[in-house]
Structure formats: structure tokens, C-alpha cells
Engineer: 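The structure is given below, and queries will be raised subsequently.
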Amino acid sequence: MERVIRTAARKGVDFADLRITDSTNTSIMVQDGRADKISAGEALGAGLRVLVDGAWGFAPTNNIAERQLLQALDDAIAMARTAAPSVTDPGMVAQIEPVEASVRTEYKIDPRQVPLKERVAAIFALEEAARQQAGDKLANVVASYGDAVTTMYLANTYGTYLQVEVVRCGVNVFVTATDNGELQWASKRRAKLGGYELISSLDPEQFAGEPARKAVALLSARPAPAGTFEVIIDPIICGLLVHEAFGHNCEADAVWAGESILEGKIGQQVAHESVTIIDDPTLPGLNGSFVYDHEGVQARQHRLVHEGTLESYLHSLETAARFGVRPQGSARAQGYSFPPIVRMSNTFVAPGDCSFQEMLSDTKKGLYLTGGNWGYVFTARGQFTCNVEEAYAIENGKLGQHYRNVSISGLTLETLRSVTAVGNDLRFELGGTCGKDGQSMPVDAGGPHLRIRNVVVGGRG
Amino acid sequence: MKAGAEWAEALCGTSRQIGVIVEKTSIRECEVVRDYTVRVRAFINGGVGFATTRRLGEEAARRCAENAVELARATHPDPDFVALPSPAAAQAQIEGLFDDKLAGLAAAEVVRWCSQGIEEARAVAPDVALSGGGDLVVSEMALASSTGVAVQRRGTHVQLGYFAVVQRGDDVGSYFDQDVARRLLDFEPQGLGTKATTEALRFLGARKVATARLPLVLGPFAGMGVIASAIAAANAESVQRGRSCMVGREGTQIASEVVTVTEDPFIPAGLASTAYDGEGVPKRRLTLLDRGVLTTYLHNSYTANKAGVENTAHAAWGGGITTSNLVPTLGDKTEAELIAELDEGIYINAAGLTPDPVTGDISATIDFGFKIEKGELAYPITTTMVGSDIFELLGKIDAISSDYRSEPGQIMPTVRVRDIQVVGGG
């Protein structure tokens with residue numbers, strides 16, 4: 001790696017970095033009482049990125065022989081030189097101190113050391129527990145598991161040489177229940193940075209029983225109402241909301257590109273004063289945690305919003321240079337074949353001082369929304385959509401009618417300014433992946449219960 | 001097979017992609033990505049082990065095959081597995097899937113297209129923020145199985161697309177446009193920057209609407225998206241597992257009688273054209289929706305054998321179940337005429353109308369749309385949702401337009417739907 005980077009410097013690039021990643025993964029899917037499909041994959045490759053005359057060139061390869069890496073370097077330089085004459089907004093990178101370090105994820109049990117049959121048996125137990133709980137309403141259970149071990153080697157023209165080993169495990173139980181031709185489903189997932197202890201510490205009845213009971217209960221729930229409501233959202237939807245509706249707008253590449261509603265709003269009130277929003281990759285063991293980002297910058301906590309006022313964006317080396325700030329370690333890449341881009345890590349609303357019961361008692365009429373699996377946002381307009389797994393009517397401070405899966409929509413700033421209560425019960429249960437620019441990246445998100453006025457609920461009447 | 005598999009299948013793919021990224025109305029990056037993948041499926045007592053490697057070399061490929069067998073040994077027997085497909089000849093040779101001219105283009109040409117798009121966008125709105133870019137892909141795949149299947153395909157693909165944002169104070173308008181093709185002669189990069197920016201300007205001044213039941217006019221992306229998602233939900237794997245809203249719907253009316261959709265895998269230069277499915281089974285033309293009736297589930301060899309029916313050849317290359325080109329039967333009125341007939345309604349350019357595949361429910365934000373008043377698009381809308389389900393939406397389709405947006409192999413007409421719950425923030 002050193003020779004390739006030295007050659008890049010000799011060839012006159014303004015900046016170059018080389019990431020080699022070596023990864024293995026295993027996944028297990030159990031359904032209909034059988035270990036249905038077991039998969040494994042491995043990949044080894046290098047991503048070479050250069051900045052030449054204001055243009056970026058990128059040339060990944062899955063041949064890491066030195067001769068091929070030097071060829072990839074020439075390709076990347078040629079790509080950048082092809083683009084350079086047409087660049088009107090030249091790229092740049094912030095200067096950083098070089099890092100020489102070797103770090104690895106802290107874990108108790110290496111998933112690769114757990115016999116495959118043992119891993120299959122553990123997932124089989126989850127499927128079985130869900131089947132038992134769903135009883136005669138069962139249509140299907142899919143219990144799935146995945147582990148991945150990736151070692152990244154990073155070198156750049158600043159003199160950084162970094163080796164990072166990352167171990168991840170995750171599990172998901174998806175239950176479909178049926179009654180009189182009606183189908184409903186619920187799921188529960190857990191994904192974290194860490195070893196197989198994530199799985200071995202699970203109580204199958206508790207973990208897999210929850211989605212099974214929920215799917216069955218949803219069979220007798222009604223379709224959600226349509227309209228604008230005061231809502232209380234649980235920590236899962238709070239995580240979805242803060243990640244999708246707000247967090248993507250804080251990514252400085254979107255801000256620079258003119259595609260964020262937060263452009264030019266540092267120091268301005270963007271949410272109710274009770275709202276503080278943090279992105280923190282240093283929280284131990286969460287799915288979006290890391291020690292160094294994929295440009296070799298050490299991770300640190302980012303306070304994005306403090307008591308309603310926008311304080312900062314999330315930065316890569318490039319956006320830090322553009323905005324004249326210190327790089328803060330928010331650039332990550334899906335693998336060697338993708339360049340690093342600005343990504344969130346573990347994004348959350350800081351807890352307030354209101355208990356859920358106080359929040360509920362104080363709500364005359366509205367909806368309580370719980371669980372959710374996906375969301376998306378158009379950052380330029382700040383229009384977001386979040387999925388909701390189930391809902392309950394709130395009447396005079398009490399939970400009433402049970403409603404089915406629905407989505408909510410809103411405008412980010414309008415919604416965050418309409419927060420009327422912040423709970424004291426911070427939770428992270430959204431460990432999963434986030435998609436951006438064709439790249440999928442492990443993240444987590446969470447928060448406490450929130451109460452918000454005037455949320456559009458896309459129900460059926 | 002030497003490692004102990006009873007059945008086995010290997011898929012090998014290589015690709016080269018040239019990409020150019022546009023950000024903030026400037027070229028940002030140019031990249032060339034070469035990739036190589038080997039995937040092996042091995043079966044023992046019906047259980048399947050699936051191994052993938054992106055390491056180069058024969059040794060890595062051999063280890064991949066051995067891993068697949070080892071994984072298959074850890075599965076439980078599956079009595080529903082019968083056999084992998086036997087070799088059979090394709091029903092047609094498809095022209096235009098690989099274009100030497102496209103394959104021979106240099107990165108500079110993609111940069112030139114993008115520069116042209118930037119100039120076009122700036123000519124419409126000097127302050128536009130344009131992002132997107134272009135990709136030029138050359139790929140080759142080969143599939144072989146222990147039954148003697150040995151097929152290959154190679155293709156070229158070009159795509160150019162932009163997302164334009166214009167801002168007037170706090171008011172923001174945005175929209176996108178794109179062009180895709182397999183051949184240079186079908187590709188039209190000119191004008192995309194103009195179209196994306198012109199459309200973005202139309203979305204300035206968006207308003208909220210009141211909650212009401214209204215007719216919807218689904219533009220080409222939204223209309224064909226809904227119909228394609230309903231067909232995708234007829235995936236036989238999901239149906240047989242009991243987790244699809246299409247359980248029990250084969251042979252029944254799932255859409256109104258104006259909806260007929262044929263799958264044609266043989267359209268020359270079609271984006272989704274293919275002579276074989278992903279298990280090497282010859283593709284054929286099929287009417288999937290016949291005057292609203294779902295004629296068949298989408299099968300691969302496993303699901304067809306399990307159901308005891310003929311394989312419909314819908315195995316995707318690389319895993320899963322998918323369709324090729326979907327061709328809807330057109331109506332006799334233009335989009336403009338369908339809109340002109342409405343006193344009030346909602347026009348949807350794009351929305352997440354894909355139903356929940358299990359329940360069929362639709363609860364979606366209209367990402368880009370207009371209020372229709374007195375037969376015309378009156379103003380763009382914001383924070384507006386649709387609450388329905390796939391069967392209500394398909395069943396209430398009362399017209400499909402005679403005009404359409406087209407990409408090679410793709411026909412996307414406008415679709416009109418009666419009386420659907422619209423939820424507004426106004």
C-alpha cells in the first residue's frame with residue numbers, strides 16, 4: 001500500500017487514498033420449520049481514489065496484486081483528468097494529521113468460531129418460538145441471521161496507515177399471521193457492532209414472541225384513520241424521524257449540493273427548544289458505531305441541534321474543507337468498490353423529562369404510533385415519510401382502538417417545531433442499514449417518546 | 001458435485017462500469033469500476049447452500065463451490081425440491097442487447113453528456129442545483145448447472161439522469177428526468193437537463209390540500225409502478241409461504257377490466273429483455289393480467305415443481321423472482337383528455353404507491369404531484385398522502401391512456417383511478 005500511495009504522490013495527485021477490504025459473511029434463513037437457505041460470501045478488493053486538478057477519480061479493483069493496484073492508480077488518475085476540464089466547482093480535502101493505528105471491534109464471541117450447526121440451531125429456536133406464540137393464526141415465520149467480519153486497510157497521501165477489523169451480527173424475525181383470508185405481519189430485529197453474544201444472549205420466547213403476538217393482535221385491529229392528528233411516537237419512530245427527516249439534511253454533501261433545507265441555517269432555530277439532536281458513532285456496540293471513519297478520521301460525537309438551534313453538519317474531508325471546519329469523521333463507504341460519502345452513525349433525540357404516562361395523560365385526542373421499519377426523505381424540500389407498524393387511538397389521556405400499519409408524512413422543520421413533549425426514555429432499536437447514493441451502510445437511530453402536533457396520517461378513512 | 005452436491009449451479013459475472021457524478025451543477029467525479037463475481041448454489045436433500053466470492057482466481061472459485069456444499073449440508077431436507085431445470089433451447093434470439101458502439105465509448109463521452117446537461121439546466125435557471133450523472137455498463141454472465149444447462153448473456157446499458165432543485169426564498173421546487181438504453185442509437189441525452197429543470201420550476205409554490213376522496217391520475221412512472229408492483233406481489237415463493245396479498249388470487253379479478261398486461265421478454269434492445277431466466281429456462285411471452293384477471297403466479301423451478309404446474313421462467317439472474325418487459329394494453333384517450341374530464345382530482349408524477357407485499361395496504365406520500373381543478377393541473381401539492389390497498393386501487397382503474405412515456409422495451413401510459421382516499425395536511 002505504501003508503494004502505491006508513494007507512487008500516487010510522485011505522479012502529482014493533490015490527494016489519494018487506498019482502501020483494501022477483506023470481508024466474509026454468513027447468513028441463515030429458517031422458515032416453515034426448516035433451515036431453508038444458508039449463504040456465505042467473501043470479497044477482497046481495493047478502492048483507489050485520487051483528487052487531480054479539482055476532479056475526483058476512482059478505480060476499484062478486486063485484484064490487489066501490486067501491479068494491478070498501480071494500474072488502478074493510473075486508471076483513477078486518467079478518470080480524474082478526463083473530468084477535470086469540465087469541473088466548475090473544484091474538489092478539495094481538509095488537511096488532517098496522519099494516523100497510524102490498528103483497531104478492532106470489541107466482542108466476546110467470534111461468530112466464525114461458532115459451529116454453523118450451532119448458529120442454525122439458535123435461529124431455528126427463534127422460528128420455533130414465534131410459531132408457538134402465533135399458534136393457529138400462523139401463516140409464516142422467517143427467522144434470519146447474518147454475521148460479517150471485515151478488515152479494512154487504509155493508506156493516504158497524508159501518511160495515514162490504518163487497520164480496522166469490524167465484526168457485526170444481526171437477527172430478524174418476521175411473522176405473518178392469518179385469519180379468514182386476512183394477513184397481517186410484524187417483525188423484530190436486532191443488529192449490533194459486536195460478536196455472536198448478541199444471539200446467544202437472546203431469550204427466544206421473549207424476542208421472537210413479541211412480533212408473533214403483535215402480528216396476531218393486528219388481525220383484529222382496524223385500518224388506520226386518515227387525517228391530521230396530534231401524535232405520540234415511540235422511540236423507534238422517533239429514531240426513524242430523526243434519521244430520515246432531519247439527519248439526511250445534516251449531511252454536509254447534501255447541504256453543499258444545495259439539496260438540504262438546512263443550508264445556511266447554522267445558529268438558527270430549526271426545532272422546538274425542547275429538542276436536542278445528536279449523532280454519535282462513539283456509543284459502544286450500536287450498529288452505527290465505529291472508531292475511525294473510512295477516511296481515517298477518528299470518530300467523535302456530533303451535536304447537531306442544541307435546544308432547537310442548529311449547531312453543525314456531518315462532514316467528510318471534502319465537505320470539511322468546503323465549509324472551513326475541522327473534519328469530524330462521518331465519511332464511510334459500503335465496501336472497496338464505493339467511495340466514502342457523508343453518512344450518519346447513531347442518530348438520536350436526547351431525552352427530556354416527561355414520562356410516557358405524563359405525555360399520554362396530557363393528550364386529549366390523538367394517536368399513539370409504535371414500531372416502524374422504513375422511511376425516506378426528499379432533503380431539498382424536507383418532505384419525509386415514515387412507516388408505522390401499529391397505532392392506537394388516544395381519547396382523554398387513555399389508549400383506545402387498535403389500528404394497523406400506516407405511514408405518516410410531513411415537512412421536517414414544521415414537524416420538529418411542532419414537538420410539544422419530549423420523553424425521558426431514550427432507546428435504540430433501529431439497528432439496520434441506510435441507503436444513500438447506491439450505498440448501504442450500518443446505522444442506528446433512536447430517541448424517547450415524542451408528542452407532535454399536526455402530523456399527516458395516511459390512513460383509509 | 002465432487003464435493004458431494006446432488007445438484008449444483010454456478011453463475012459467473014464480470015462487469016465494467018464507467019460512471020460520472022454531477023454535484024452542485026458541476027462535474028465532480030469520474031470512476032471506472034471493474035467487478036467479478038462467482039455464485040454457486042448447491043443442493044443436498046433439497047436444502048440449498050449458496051456461496052459467493054468476489055476474489056479472483058480458480059482457487060477462490062473452487063473454494064466457493066466447496067463452501068456451497070458445506071452450507072447445503074447444514075440445511076434441513078426439503079421434500080418440495082424436485083430438480084433443477086434441464087437444458088432447453090431459447091424461443092428467440094434477441095437483437096440489440098449488446099452494442100459495440102456503446103461498449104467502445106470512452107469516459108470522456110459520458111463527461112461530455114453531463115457537461116451538456118449542466119449547460120442546458122443553467123440555461124433554464126442559472127441558479128439551479130443539479131445533481132446526478134451517467135453510467136455506462138458492459139456486463140457478461142454465464143450460467144451452468146449439473147443438469148447440463150449452459151447459457152450466457154452479455155449486455156450494454158447506458159443511463160443518464162438528473163435531479164434539479166430551484167429555490168426562490170423559502171420556496172423549493174425539484175424534479176428529475178432520465179434516459180436509459182442498451183444501444184447508442186436509442187439513447188437521447190440531449191434535453192434531459194432542460195426537462196429536469198423546467199419541471200423543477202413547475203413544482204414551486206406547492207400547497208397543501210384538504211382530506212377528501214378524489215380521483216387520481218397516475219402519470220407514467222406512478223401508473224406503471226403500481227401495476228408492476230401488483231404483478232411482483234404474485235411471486236409464487238411468497239404466495240406458497242403464505243405471506244403475499246396475492247394468496248388465493250390466481251385466476252381471479254384483481255384489477256378492473258381495462259387492465260391487460262403482457263410480458264414480452266423478446267423486445268429487441270429492451271431493457272429487461274432476456275432469452276433465458278436466471279435458471280436457464282427459456283423465456284416466453286405471457287399475458288399476466290388479462291382484462292384484470294391474474295392469469296398466473298410467477299414461478300421459478302422450485303415453486304413450479306412444488307405447485308405441480310408449468311414453470312413460467314421467472315427466476316431472476318442472481319436469485320429471486322422477477323419479470324422482464326411489461327407491456328400494457330393502451331386505451332383510447334390521451335393523458336390530457338383523462339385529466340380534462342375531471343372537475344377535481346390529484347395528478348401523481350411519483351409516489352411510493354408500492355403496496356405492502358403481505359397485506360396489500362397502500363399508505364403513501366405523493367412525492368411529486370398536482371391538484372387537478374376544472375380539467376387542468378392547477379398547482380403542485382405537498383404533504384399529501386394516499387390511503388388505500390392494491391385491490392381497491394387496481395379495481396377502480398377506469399382508464400389507461402393512449403399516449404405513453406417509453407424507454408426501450410418499456411411502455412408507461414397514464415392510469416386513472418376513481419374515488420380514492422387522499423389525505424392532506426391542509
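Chain identifiers are assigned alphabetically (A, B, ...) following the order of the sequence lines, protein sequences preceding nucleic acid strands; residue numbering begins at 1 within each chain. Model, not experiment: these values are computed from the prediction.
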Engineer: Where does B:Cys114 contact chain A at under 4.5 Å (heavy atoms): side chain, backbone, both or neither?
Structural biologist: neither
Engineer: B:Lys24 and A:Ala257: which non-hydrogen atoms are nearest, and at how many Å?
Structural biologist: CB-CA, 3.9 Å
Engineer: Just to be sure I understand the criterion: a residue of residues 48-56 of chain B counts if one of its heavy atoms is under 4.5 Å from a heavy atom of chain A. Which ones qualify?
Structural biologist: B:Val48, B:Gly49, B:Phe50, B:Ala51, B:Thr52, B:Thr53, B:Arg54, B:Arg55, B:Leu56
Engineer: Of all of B:Ser115, B:Gly47, B:Ser131, which one pairs up most often with chain A through heavy atoms under 4.5 Å apart?
Structural biologist: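 Going by pairs under 4.5 Å, I would pick B:Ser131.
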Engineer: Can you tell which part of B:Gln421 gets under 4.5 Å to a heavy atom of chain A, answering side chain, backbone, both or neither?
Structural biologist: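 Contact with chain A: side chain only.
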Engineer: Checking A:Leu116 against chain B: side chain, backbone, both or neither under 4.5 Å from a heavy atom?
Structural biologist: side chain
Engineer: Chain B: which of A:Leu44, A:Asn405, A:Val142 shares the most heavy-atom pairs with it under 4.5 Å?
Structural biologist: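 Highest number of heavy-atom pairs under 4.5 Å: A:Leu44.
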Engineer: Tell me, do A:Leu411 and B:Thr382 make a side-chain contact under 4.5 Å, heavy atoms counted?
Structural biologist: yes
Engineer: Does the side chain of B:Arg34 come under 3.5 Å of the side chain of A:Gln68 through a donor N or O and an acceptor N or O?
Structural biologist: no
Engineer: Is it the backbone or the side chain of B:Thr365 that comes under 4.5 Å from a heavy atom of chain A, or both, or neither?
Structural biologist: both
Engineer: Could you tell me which portion of A:Glu414 (side chain, backbone, both or neither) has an atom closer than 4.5 angstrom to a non-hydrogen atom of chain B?
Structural biologist: side chain
Engineer: So for B:Val20, is it side chain, backbone, both, or neither that comes closer than 4.5 Å to the heavy atoms of chain A?
Structural biologist: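 The answer is neither part of B:Val20.
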Engineer: Is any NZ, NE, NH1 or NH2 atom of the basic residue among B:Arg28 and A:Asp253 found under 4.0 Å from an Asp or Glu carboxylate oxygen of the other?
Structural biologist: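 Looking at B:Arg28 and A:Asp253, the cut-off is not met.
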Engineer: Listed by residue number, which members of residues 377-386 of chain A have a heavy atom under 4.5 Å from any heavy atom of chain B?
Structural biologist: A:Phe378, A:Ala380, A:Arg381, A:Gln383, A:Phe384, A:Thr385
Engineer: Please classify the contact of B:Asp356 with chain A as side chain, backbone, both or neither, using a heavy-atom distance under 4.5 Å.
Structural biologist: side chain
